[in-house]
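This is a predicted model, so every value here is computed, not measured.
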Amino acid sequence: MKCVLCGQTEGFTKLGARGIEYRICRKCGSAASSAGLDYDAYYSDYFPSGLKDDSPVLESRYRTLIERLARRTEGRRLLEVGCGNGQLLAVAQALGWSVVGVELSESQSEHVRRRGVDVRSGDLTAEPLLGALRFDVAIMIEVFEHLPDPVAMLRAIRRHMEPGSVVHVTTPNFNSLSRRLLGGSWSVLNHEHVVVATPSGLKQALLRSGFVGVRIRSRTLNVHECRAVLGGRSEGSTGAISSSERNRSAEELRDRIDASRPLLLAKAMINLGLSATKLGDSLVAEARVPGPALR
């Protein structure tokens with residue numbers, strides 16, 4: 001047995017969640033599922049209805065992210081691995097970037113191509129999808145946790161990045177306050193999420209993949225889920241909620257916050273606290289390829 005993130009081979013505990021057994025690494029604290037999901041078959045035509053429509057809120061967030069990353073690099077070549085409906089790539093392309101997406105799902109790939117965006121369909125760890133292409137920025141948003149071997153994917157991405165270029169990764173945080181409170185009822189723990197990292201595990205995965213200058217912060221807390229589960233929801237209920245419920249409640253809360261200046265200020269203060277303690281639901285990591293920093 002070996003931790004897929006930090007590589008250590010001794011010392012694991014177990015956590016059961018919805019009939020799935022997660023092995024928790026004693027060294028980095030990350031969790032890996034032994035559910036045995038058929039990765040290629042499951043995602044070959046994967047396109048949940050909730051991913052198909054663009055979001056005005058995400059449009060603004062993607063624009064802010066791209067503009068911030070632009071200040072860290074001279075080049076404007078962007079790779080997104082796991083590009084979903086292609087909204088981020090479309091935003092970057094409209095801002096003047098040369099963009100390429102990689103997506104395992106053929107149905108999602110076709111959707112992105114209809115937007116006029118270059119997307120390569122397949123598994124980057126096993127197929128020469130990108131040829132000699134090189135990039136200044138690589139982005140992987142909420143994909144890491146779906147991968148049976150995230151380090152192999154990070155290494156595949158690294159091979160197509162220029163010296164000094166930047167990688168941006170987001171993924172759920174196994175060390176979060178939500179997971180500590182909810183245990184196996186935390187909706188992130190499901191058959192799709194086969195690796196759930198801690199800040200330490202994510203850092204080790206990036207370092208083992210050849211990146212340097214790793215910076216990790218955490219953000220967000222799904223108050224609705226904690227209240228629903230800890231409150232029991234109904235007599236005889238386990239309190240567990242589905243990922244779709246979790247995502248919907250998070251989106252509704254996000255929309256209410258973004259429409260209110262006082263709530264935005266409160267959110268910023270909460271995120272500062274979550275980042276300092278690394279207890280937020282989501283981890284945000286950035287690192288670079290060794291070489292002269294471009295900016």
Side-chain angles (χ1 to χ4, degrees), residues 3-6 13 15-18 20-25 28-35 37 39 42-43 46 48 50-51 58 61 65 80-82 84 88 139-151 153-154 167-206 214-226 228-229 240-251 253-254 267 270-271 273-275 277-287:
C3 176
V4 296
L5 299 186
C6 73
T13 58
L15 174 67
R18 299 176 177 83
I20 303 168
E21 182 179 276
Y22 284 88
R23 298 184 301 270
I24 304 170
C25 175
C28 73
S30 302
S33 164
S34 58
L37 181 68
Y39 177 73
Y42 186 83
Y43 289 107
Y46 182 85
L51 297 180
L58 289 179
R61 291 186 178 190
L65 171 62
E80 185 181 16
V81 174
L88 183 146
I139 294 177
M140 191 162 61
I141 294 178
E142 304 303 303
V143 172
F144 188 97
E145 63 274 14
H146 294 262
L147 303 172
D149 190 348
V151 171
M153 181 62 77
L154 288 171
V167 64
H168 176 96
V169 177
T170 74
T171 191
N173 179 15
F174 191 73
N175 199 41
S176 70
L177 180 61
S178 294
R179 202 278 304 169
R180 291 167 180 249
L181 290 172
L182 305 180
S185 295
W186 190 36
S187 61
V188 167
L189 301 177
N190 61 62
H191 70 284
E192 290 187 359
H193 296 164
V194 294
V195 178
V196 189
T198 60
S200 175
L202 181 55
K203 181 177 182 178
Q204 288 302 310
L206 285 160
V214 180
R215 296 186 296 178
I216 297 176
R217 60 188 175 90
S218 70
R219 65 185 183 192
T220 72
L221 179 67
N222 194 320
V223 178
H224 171 80
E225 178 175 12
C226 292
V229 176
I241 70 173
S242 68
S243 290
S244 60
E245 287 181 280
R246 179 181 187 273
N247 293 337
R248 183 168 60 252
S249 67
E251 289 171 3
L253 178 61
R254 182 179 64 201
K267 175 184 175 181
I270 290 170
N271 276 336
L274 293 172
S275 184
T277 59
K278 298 292 195 298
L279 292 177
D281 282 353
S282 180
L283 296 174
V284 182
E286 287 185 5

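- Of the possible donor and acceptor atoms, none in the side chain of Thr170 sits under 3.5 Å from a partner among the backbone N and O of Val284.
- Between Gly280 and Asn173, the shortest heavy-atom distance links the atoms O-ND2, 2.9 Å.
- Smallest separation of non-hydrogen atoms from Glu142 and Ser282: OE2-OG, 3.8 Å.
- One distance of note links CD1 of Ile139 with CD of Glu80; it measures 6.0 Å at 0.5 Å rounding.
- Side-chain contact between Lys203 and Cys28 is absent, with no heavy atoms from C-beta onward closer than 4.5 Å.
- Nearest heavy-atom pair, Val167 versus Leu206, reported as atom, atom and distance to 0.1 Å: CG1-CD2, 4.1 Å.
- The nearest pair of heavy atoms linking His193 to Ser33 is O-CB, 4.3 Å.
- Considering only residues two or more places apart in sequence or on other chains, Tyr42 meets the side-chain hydrogen bond (donor to acceptor under 3.5 Å, both in side chains) condition with His191, Glu192.
- Separating the OG1 atom in Thr220 from the CG atom in Leu279 is a distance of 11.5 Å, to the nearest 0.5 Å.
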Report the C-alpha distance between Asn175 and Arg180 in whole Å, list the side-chain angles of each, state the deciding distance to 0.1 Å, and finish with yes or no for side-chain contact (heavy atoms from CB on, under 4.5 Å). CA-CA 7 Å; Asn175 199 41; Arg180 291 167 180 249; 2.5 Å; yes
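- Closest of all the heavy-atom pairs between Leu5 and Gly201 is CB-O, 3.6 Å.
- Just one of Ser30, Ser218, Ser176 meets the side-chain hydrogen bond (donor to acceptor under 3.5 Å, both in side chains) condition when paired with Thr198; it is Ser30.
- You'll find the side chain of Phe144 reaches within 4.5 Å of the side chain of Leu202, heavy atoms only.
- Interatomic distance, CG of Asp149 versus OH of Tyr39, reported as 10.0 Å (0.5 Å rounding).
- The NZ atom of Lys278 sits 9.0 Å away from atom CG of Leu283, with the distance rounded to the nearest 0.5 Å.
- Using a 4.5 Å cut-off on side-chain heavy atoms (C-beta onward), Met140 and Leu147 make contact.
- Partners of Glu21 under the side-chain hydrogen bond (donor to acceptor under 3.5 Å, both in side chains) rule, at least two apart in sequence or in another chain, do not exist in this structure.
- Leu65 CG to Ile141 CD1: the interatomic distance, rounded to the nearest 0.5 Å, is 6.0 Å.
- The side-chain contact (heavy atoms from CB on, under 4.5 Å) check on Val4 picks up Pro150, Val195, with sequence neighbours excluded.
- Side-chain contact between Leu15 and Phe174 is present, with heavy atoms from C-beta onward closer than 4.5 Å.
- The side-chain heavy atoms of Val196 and Leu189, taken from C-beta on, include a pair separated by under 4.5 Å.
- One distance of note links CG of Leu88 with CZ of Arg61; it measures 13.0 Å at 0.5 Å rounding.
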